[in-house]
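Residue numbers begin at 1 in each chain, while the letters A, B, ... track the order of the sequences.
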2 protein chains.
Amino acid sequence: MKTVKKKRLSEMVADEIKQYIKKENLTSGDRLPAATELMSALGIGRSTLREALQLLESQDILEVLNGKGTFIKDAKPFYIRTAFDVENEKNFLLDALDVRIALEGKAVDLAVHKATEKDIAIMQQHLTDYVRYINESKREQANRADARFHQALYEAADNQLLTSIIDSVWDTFHQFWNEPFGQDDIFDQSYPFHVSLLEAIQQRDTVAAADSFQKMMESVKSSIEKYQE
Amino acid sequence: MKTVKKKRLSEMVADEIKQYIKKENLTSGDRLPAATELMSALGIGRSTLREALQLLESQDILEVLNGKGTFIKDAKPFYIRTAFDVENEKNFLLDALDVRIALEGKAVDLAVHKATEKDIAIMQQHLTDYVRYINESKREQANRADARFHQALYEAADNQLLTSIIDSVWDTFHQFWNEPFGQDDIFDQSYPFHVSLLEAIQQRDTVAAADSFQKMMESVKSSIEKYQE
DNA sequence: CACTATCAACCTGTATGAAAGGTTAAATTT
DNA sequence: AAATTTAACCTTTCATACAGGTTGATAGTG
């Protein structure tokens, strides 16, 4: 038995608009007809059209700009979209950490070769901020400075794809990380590795950089494993 | 990485609803208040609420059912979404390859420890298929057998998050890979490394596995670099 | 009594007109 | 010529009305 789910009008309209785009060969910054025109052309109401457009917008196909109109977005050939539920936070964090180690480890490797003087100066600045906030017991701000340090590291690696994937993983990881675990002790453990990591990058020492990063991740991992749910 | 864009009301409402869900600790199949209630509670119009709900629906957080109500979906908390556009195919492929090396390298490492007998048997089967198709000059089918071999490898690594991200990268990579480059010579170069990789996994030899994988990727990389655009 | 058809209450889906902004370029003023 | 106002054309949001799906109570029928 096939379950033919009853589609909403807006979804069908979204498909029609997609077809229209393909038929008219619209690309890049081209503009779609105004809402009133589409409404009458498709024989639908404004709310339906709006939902259809928003659906396409959420798929990065369109961009609806107030006062201007709706425009075709650059077709993004690379697209990750994953959602799944986490039944066991601890195991999920360990999995996510493995992914983070893989990606960020590569970022470290690339940064050793590609980091410019400016990149290093930026990382140095964030690290200084980080240490200051730690000493002032400003956990929240220290947290953000740490994030900026890592962000600068990814940018030094000069690989956009790598950066964008790490960003997503980082966001998710920290969303879970900050909730169930106290990260206070992590700071103190991982701080020296931040310093030695930056030094290794500065000296273009691949092995030392990998080693510092490895130790940094070990301390995070052991913290997760210590946690009993 | 702050992009302060002017948010639409519906987006802000979506955030409020997300907060509401968290605050009220709603999970799984719980029902959200009816539209009319939310409208008056949030002080917004129907269309705005609808857009907010649809936004959350497109993120797999909600499900709006005609006649019944809107319900929290069970697949919730982890959500990764990345879009990326390509300006230079060759550089993109090299960047994507770095990402693939990072992720798949980690998968190899995990697979060495975690692969079951069954995992190994499946990989063996796909590898055999792969070799047969190569010898029969069936490039297309060999390609698919190769993909299945790698897919089996990721599953042996037993890390859902890792697998889902690799899948996306792999898809994208091959979508570009098959177009501009002839991959015929790659097959012959990388085939022996597939064999030695599987053997190393079978013998739980981390170093040998990493080495085989490394060489496999080197041959891909040199092929990309040889390509003059 | 058991079974079925109907209805009422509550829900989402869609349409529509009006009002409130945003954007741009032409028209008007300085 | 430069600055300002206006007008045309957009999207955004609201309020209201009605159509249509879902469910359980209710009334009717054998």
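- You'll find the side chain of A:L9 stays beyond 4.5 Å of the side chain of A:E51, heavy atoms only.
- Legend: salt bridge (Lys or Arg N to Asp or Glu O under 4.0 Å) pairs involving residues 94-117 of chain A, not counting sequence neighbours, sorted by first then second residue: A:D98-B:K106, A:R100-A:E104, A:K106-B:D98.
- In this view, B:Q125 and B:D129 satisfy the side-chain contact (heavy atoms from CB on, under 4.5 Å) rule, not counting sequence neighbours.
- Applying the salt bridge (Lys or Arg N to Asp or Glu O under 4.0 Å) rule to A:E57 yields the partners B:R8; only residues at least two apart in sequence or on another chain are considered.
- For residues 29-37 of chain A, proximity to DNA chain C is found at no residue, defined as any non-hydrogen atom under 4.0 angstrom from a strand atom.
- Counting only residues at least two apart or in different chains, salt bridge (Lys or Arg N to Asp or Glu O under 4.0 Å) contacts with residues 158-169 of chain B are absent.
- When rounded to the nearest whole Å, the span between CG of A:N66 and P of D:dC10 equals 13 Å.
- In this structure, the side-chain contact (heavy atoms from CB on, under 4.5 Å) partners of A:Q141, at least two apart in sequence or on a different chain, are A:Y133, A:K138, A:R144.
- Annotation: side-chain contact (heavy atoms from CB on, under 4.5 Å) contacts of B:M39 (sequence neighbours excluded): B:R46, B:L49.
- Residues satisfying the ring pair (Phe, Tyr, Trp, His ring centres under 6.0 Å) test with B:H126, not counting sequence neighbours, are none.
- Summarising the geometry, the separation between CD on A:Q54 and P on D:dT11 is reported as 14 Å, rounded to the nearest angstrom.
- Taking atom CZ of B:F71 as the reference point, atom P of D:dG21 lies 17 Å away to the nearest angstrom.
- To the nearest angstrom, C1' of C:dC11 lies 11 Å from NZ of B:K68.
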Could you run down the sub-3.5 Å N/O contacts of the protein with nucleotides 13-16 of chain D?
residue : atom : partner : partner atom : Å
D:dT13  : OP1  : B:L9    : N            : 2.5
D:dT13  : O4   : A:R46   : NE           : 3.4
D:dC14  : OP2  : B:G45   : N            : 2.9
D:dC14  : OP2  : B:T48   : OG1          : 2.2

